[in-house]
A.B. asks: 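One structure, pasted below without further comment.
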Amino acid sequence: MRLVLVGPPGAGKGTQAQYVAVHLSVPQISTGDIFRANVGQGTPLGLEAKKYMNAGDLVPDEITINMVRNRLAEDDAAKGFLLDGFPRTVPQALELDNILADLGTRLDVVLELVVDDDEVVRRLSGRRTCRGCKRIWHVDFDPPTVNGICDACGGELFQRDDDNAATIQNRLSVYAASTAPLVAFYAERGMLVGIDATGPVDDITERAIDALRRFG
Ligand code: AP5
């Protein structure tokens with residue numbers, strides 16, 4: 001299956017992608033994770049992307065689209081993928097069509113995680129991520145046994161630079177202005193399925209897998 005996961009910042013895309021990608025036996029490809037890995041390694045791409053990410057703005061298309069084109073051409077994506085965080089705009093969606101056409105394939109479905117802004121702010125304010133295995137935690141909703149330490153691998157937990165109040169508000173504005181039209185675009189194409197992304201993580205995973213069954 002070739003799947004895109006869409007939803008506002010903090011909707012739980014990364015959390016659900018971990019489980020849904022395993023269920024579908026496809027790689028999870030997160031543009032945010034690729035950018036953050038480049039920021040961490042201090043690559044030229046990372047240094048450029050960091051300026052936009054820390055402000056909560058979108059990284060320019062000429063950087064993002066090439067990066068996705070290269071990633072989708074890798075062997076592990078040949079039989080399917082779960083894209084998390086790309087496309088985020090209608091122009092990116094049109095470029096994704098071109099990339100997939102060049103690879104001789106097409107997108108199957110877009111899964112939207114529906115969550116309101118208040119919940120998003122609560123989720124992002126308490127998010128912690130493991131430096132080692134990248135497992136996502138929350139100080140209240142999904143706390144590790146020992147504060148600041150990952151249960152899964154013992155790694156140190158950190159708070160993302162873009163999870164501060166001002167940047168969260170800008171990310172929500174950018175989502176409303178740039179990504180909400182993308183949701184309408186896929187709905188018009190009959191490719192969108194939306195699920196309620198509130199409640200326990202396991203229940204949302206079940207809803208996601210159930211919704212995807214209809215797309216085969
Ligand atoms: P990206 O990393 O994609 O960030 P985002 O879209 O803002 O989404 P998040 O990763 O913040 O949230 P999420 O939906 O994955 O939620 P999570 O599962 O972590 O992008 C970052 C930046 O990179 C962008 O701002 C931009 O600058 C750049 N970028 C990336 N892609 C780009 C593109 N295509 N074009 C241009 N620029 C791009 O969950 C959040 C928290 O909630 C966690 O603590 C989790 O434990 C908790 N949680 C999850 N589910 C539940 C639940 N059911 N109940 C309670 N808590 C929950």
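Each ligand, and each atom within it, is numbered from 1 in the order the structure gives.
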A.B. asks: If the cut-off is 4.0 Å to any non-hydrogen atom of Asp57, which atoms of ligand 1 fall inside it?
C.D. replies: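 Answer, ordered by atom number: 26 (C), 27 (O).
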A.B. asks: For ligand 1, find out whether one of its N or O atoms is nearer than 3.5 Å to an N or O atom of Asp142.
C.D. replies: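 No, Asp142 has no N/O under 3.5 Å of an N/O on ligand 1.
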A.B. asks: Distance under 4.0 Å to a non-hydrogen atom of Phe86: what atoms of ligand 1 satisfy this?
C.D. replies: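 Result: 34 (N).
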A.B. asks: Tell me which part of Thr64 gets within contact of ligand 1: side chain, backbone, both or neither, using heavy atoms under 4.0 Å.
C.D. replies: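 Side chain only; the backbone of Thr64 stays clear of ligand 1.
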A.B. asks: Examine Ala11 against ligand 1 and note whether any of their N/O atoms are separated by less than 3.5 Å.
C.D. replies: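 By distance alone, the answer is yes.
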A.B. asks: Under 4.0 Å, counting heavy atoms only: does Ala49 come that close to any atom of ligand 1?
C.D. replies: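 The answer is no, since Ala49 has no heavy atom less than 4.0 Å from ligand 1.
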A.B. asks: Under 4.0 Å from a heavy atom of Gln92: which atoms of ligand 1 are those, numbered in the order shown and with their elements?
C.D. replies: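 That gives atoms 33 (C), 34 (N), 35 (N), 36 (C) of ligand 1.
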A.B. asks: When you measure from atom 45 (C) of ligand 1 to each heavy atom in Ile136, Asn170, Thr167, which option holds the nearest one?
C.D. replies: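 Shortest heavy-atom distance from atom 45 (C) of ligand 1: Ile136.
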A.B. asks: Show the atoms of ligand 1 that are less than 4.0 angstrom away from any heavy atom in Gly85.
C.D. replies: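 Close to Gly85: 31 (N), 32 (C), 33 (C), 34 (N).
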A.B. asks: Yes or no: does Gln16 have any heavy atom under 4.0 Å from an atom of ligand 1?
C.D. replies: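 In this structure, Gln16 fails to qualify as a contact of ligand 1 - no heavy atom is under 4.0 Å.
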A.B. asks: Between Asp116 and Arg122, does at least one N-O distance fall below 4.0 Å, as a salt bridge requires?
C.D. replies: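 Between Arg122 and Asp116 there is no salt bridge, as every charged N stays at least 4.0 Å from the carboxylate O atoms.
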A.B. asks: May I ask you to identify the nearest protein heavy atom to atom 48 (N) of ligand 1, giving residue, atom name and distance to one decimal place in Å?
C.D. replies: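 Nearest neighbour among protein heavy atoms for atom 48 (N) of ligand 1, to 0.1 Å: Arg123 CD, 3.9 Å.
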A.B. asks: Checking Asp57 against Asn170: is there a side-chain donor and acceptor pair closer than 3.5 Å?
C.D. replies: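 Yes, because at least one side-chain N or O of Asn170 sits under 3.5 Å from a partner of the opposite role on Asp57.
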A.B. asks: Return a yes/no value for Trp137: is any of its N or O atoms, backbone included, closer than 3.5 angstrom to an N or O of ligand 1?
C.D. replies: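 Among all N and O atoms of Trp137, at least one is under 3.5 Å from an N or O of ligand 1.
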A.B. asks: Should Ser30 be counted as touching ligand 1, given the test is an N or O pair under 3.5 Å?
C.D. replies: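 N/O-N/O distance under 3.5 Å: no.
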A.B. asks: For Ile204, take its heavy atoms, then give the atoms of ligand 1 lying under 4.0 Å from any of them.
C.D. replies: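 Result: 53 (N).
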A.B. asks: So which protein heavy atom does atom 8 (O) of ligand 1 come closest to, and at what separation?
C.D. replies: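 Its nearest protein heavy-atom neighbour is Lys13 NZ, 3.1 Å.
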A.B. asks: With atoms numbered from 1 as shown, which atoms in ligand 1 lie under 4.0 angstrom from a non-hydrogen atom of His138?
C.D. replies: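 Result: 44 (O), 46 (O).
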A.B. asks: Below 3.5 Å, N or O to N or O, backbone or side chain included: is there any such pair between Arg88 and ligand 1?
C.D. replies: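 Yes.
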A.B. asks: Give the atoms of ligand 1, by number and element, whose distance to some non-hydrogen atom of Thr31 is under 4.0 Å.
C.D. replies: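 Taking each heavy atom of Thr31 in turn, ligand 1 has 30 (C), 31 (N), 32 (C), 34 (N) under 4.0 Å.
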A.B. asks: Which atoms from ligand 1 have a heavy atom of Leu124 less than 4.0 Å away?
C.D. replies: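 Those atoms are 11 (O).
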A.B. asks: Is there at least one pair of N or O atoms, one from Glu119 and one from ligand 1, spaced under 3.5 Å apart?
C.D. replies: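 By distance alone, the answer is no.
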A.B. asks: Mind checking the CG-CD spacing from Leu113 to Gln16? Nearest 0.5 Å is all I need.
C.D. replies: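 Between atom CG of Leu113 and atom CD of Gln16 there are 6.5 Å.
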A.B. asks: Could you check whether any heavy atom of Gly7 sits closer than 4.0 Å to an atom of ligand 1, since that is the contact criterion I want to use?
C.D. replies: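 No, Gly7 has no heavy atom closer than 4.0 Å to ligand 1.
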A.B. asks: Between the side chains of Asp151 and Thr145, does any donor sit under 3.5 Å from an acceptor?
C.D. replies: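 Side-chain D/A pair, Asp151 to Thr145: present.
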A.B. asks: Kindly confirm or rule out an N or O of Gly14 lying under 3.5 angstrom from an N or O of ligand 1.
C.D. replies: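 Looking only at distances, the answer is yes, because the N/O contact criterion of under 3.5 Å is met.
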A.B. asks: Does Arg122 reach ligand 1, in the sense of a heavy atom lying below 4.0 Å from it?
C.D. replies: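 So Arg122 does not count as touching ligand 1.
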